[in-house]
Amino acid sequence: MPIPDGLVAALFSHYGPRGWWPLLKKKNEAQGWHCVYRPGDYGASLQPLQRFEIGIGAVLTQNTSWNGAVKALISLKEADRLRPERLIEPNAVEEIRQLVRPSGFFNQKQERLAIWSYFFMQQNGHTPHRSVLLALKGIGPETADSILLYAYGRPLFIADAYARRIMGRITGVAWSYESLAGEMHRMSQTLVESERLQTFNEAHALMVEHGKQICQVRPLCGKCFLNNICYKGMQNGKHLS
DNA sequence: GCCCAGGAGCATA
DNA sequence: TATGCTCATGGG
């Protein structure tokens, strides 16, 4: 089955705006740092250090729950290590490893954060090309696209594990990262750039939400509101009746 | 104790 | 192009 045109809209009307990418904020001195979602913002007018932070979060959440990534993010912030100059200090390698430990894979993530830091400083505010990001050790397609979409406002569909799982079930075919991203981009050709940016901004966040709540590894099709447009959902209906 | 989480690099076929 | 293995912590 083809990817349904109204899929993102259906997810949006069910879950509402997600406000991604979440950024660190401090309510007041007593309360400490926490993550803030910004519904409807779509990354308009981000500060350079917020763009940098999005890249850090994208690396920290690789194959890890966002929960763990936030712990690491806050630890870095509180130790004043959430800045490129402070993340590349050679004598801070072991300290940073310990700070990012809750996000898992802490040895390689420390190295990847340093690589992103060097690169970010060298970019000097310019938007990086996708191919250049992909050439960096530790930045693959999802991390690169997350950075380009949420930090630099490039309209790219993030075909992560959730999206491929959900689309796989809806269409009945297996998608590679590039094949799904390409198909979603083709389907969005009718939109103007600003619409596509908002659509993809929400789409990724909504896929994550749906993948967490319903379309899990073991799918909760009985609770799903997409059965009418889902290949797997329709298959279920067949042998139930 | 087991499974899974907002992946990526590397070796191998 | 596509599998298989490795990297690690934390919550359900």
Side-chain angles (χ1 to χ4, degrees), chain A residues 8 11-12 15 17-24 35-38 42-43 53-76 93-117 119 128 130-151 154 156-169 173-184 200-220 223:
Chain A
V8 176
L11 291 168
F12 186 88
Y15 294 111
R18 305 287 76 207
W20 276 32
W21 188 281
L23 290 168
L24 287 185
C35 252
V36 173
Y37 291 77
R38 304 154 291 132
Y42 302 121
E53 180 187 316
I54 289 172
I56 296 296
V59 168
L60 288 175
T61 197
Q62 287 171 355
N63 202 37
T64 314
S65 71
W66 178 244
N67 205 356
V70 170
K71 284 183 185 170
L73 213 45
I74 290 174
S75 297
L76 289 171
V93 168
E94 191 53 38
E95 177 194 340
I96 292 167
R97 283 179 178 158
Q98 297 312 313
L99 290 172
V100 302
R101 196 165 182 138
S103 68
F105 307 104
F106 57 89
N107 290 311
Q108 54 185 23
K109 281 182 180 174
Q110 177 277 321
E111 185 187 11
R112 293 174 184 187
L113 295 187
I115 290 172
W116 164 243
S117 298
F119 178 75
R130 188 174 195 265
S131 58
V132 178
L133 282 175
L134 290 177
L136 297 176
K137 187 178 176 184
I139 296 190
E142 179 177 346
T143 307
D145 290 345
S146 296
I147 290 172
L148 288 170
L149 172 64
Y150 290 108
R154 297 297 150 129
L156 296 167
F157 181 82
I158 299 172
D160 70 334
Y162 283 128
R164 295 203 303 279
R165 187 165 77 210
I166 293 168
M167 296 303 199
R169 287 172 179 160
V173 282
W175 297 89
S176 70
Y177 188 99
E178 300 296 344
S179 69
L180 179 55
E183 180 60 20
M184 292 299 287
F200 286 165
N201 201 311
E202 290 293 345
H204 174 52
L206 289 166
M207 297 284 167
V208 172
E209 197 64 33
H210 190 58
K212 280 181 179 171
Q213 293 199 22
I214 294 176
C215 206
Q216 304 171 357
V217 175
R218 299 185 167 213
L220 308 178
K223 293 184 179 178

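Residue numbering restarts at 1 for every chain, and letters A, B, ... go by the order of the sequence lines.
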Handout entry: A/Tyr162 aromatic ring stacked with six-membered ring of B/dA5, 5.5 Å and 30°
Key = no
Practice task
Look at A/Lys71 and C/dG11 and indicate whether a side-chain polar atom (N or O) is within less than 4.0 Å of OP1 or OP2.
Solution key: yes
Handout entry: Base-contact (B) and sugar-phosphate-only (S) positions in nucleotides 8-13 of chain B, heavy-atom cut-off under 4.0 Å, - elsewhere
Key = SS----
Problem - Side-chain N,O (A/Asn107) to OP1/OP2 (C/dA8) below 4.0 Å - result: yes
Handout entry: Contact residues, residues 204-217 of chain A to DNA chain B [heavy atom, < 4.0 Å]
Key = A/Val208, A/Lys212, A/Val217
Exercise for the section: Please work out if A/Ala58 contacts a base, only the sugar-phosphate, or nothing of the nucleic acid, heavy-atom cut-off 4.0 Å. Expected result: nothing
Problem - Nucleotide of B/dG7, B/dA5, C/dG11 approaching A/Ala161 most closely (side-chain heavy atoms) - result: B/dG7
Handout entry: Atom-to-atom span, CD of A/Gln110 to C1' of C/dC7 - whole angstrom
Key = 14 Å
Handout entry: Touch class at under 4.0 angstrom, heavy-atom based, for A/Arg165 against every strand present
Key = sugar-phosphate
Problem - Under 3.5 Å donor-acceptor, A/Arg112 side chain and A/Val59 backbone - result: no
Practice task
Looking at every strand, decide which applies to A/Phe106 at a 4.0 Å heavy-atom threshold: base, sugar-phosphate, or nothing.
Solution key: sugar-phosphate
Problem - Ring-on-base stacking B/dG6 with A/Trp66 (under 5.5 Å, under 30°) - result: yes
Completion exercise
Atom CZ of A/Arg164 and atom P of B/dG6 are separated, to the nearest Å, by 14 Å
Practice task
Pick base, sugar-phosphate or nothing for A/Lys109, based on heavy-atom distances below 4.0 Å to the nucleic acid.
Solution key: nothing
Practice task
Would you kindly compare A/Thr64 and A/Asn67 by the position of their nearest DNA chain C nucleotide and give the one closer to the 5′ end?
Solution key: A/Thr64
Practice task
Calculate the interatomic distance between A/Asp145 atom CG and B/dG6 atom C1'; express it in whole Å.
Solution key: 13 Å
Exercise for the section: Check the distance between C/dT1's P and A/Glu178's CD and give it to me in whole angstrom. Expected result: 10 Å
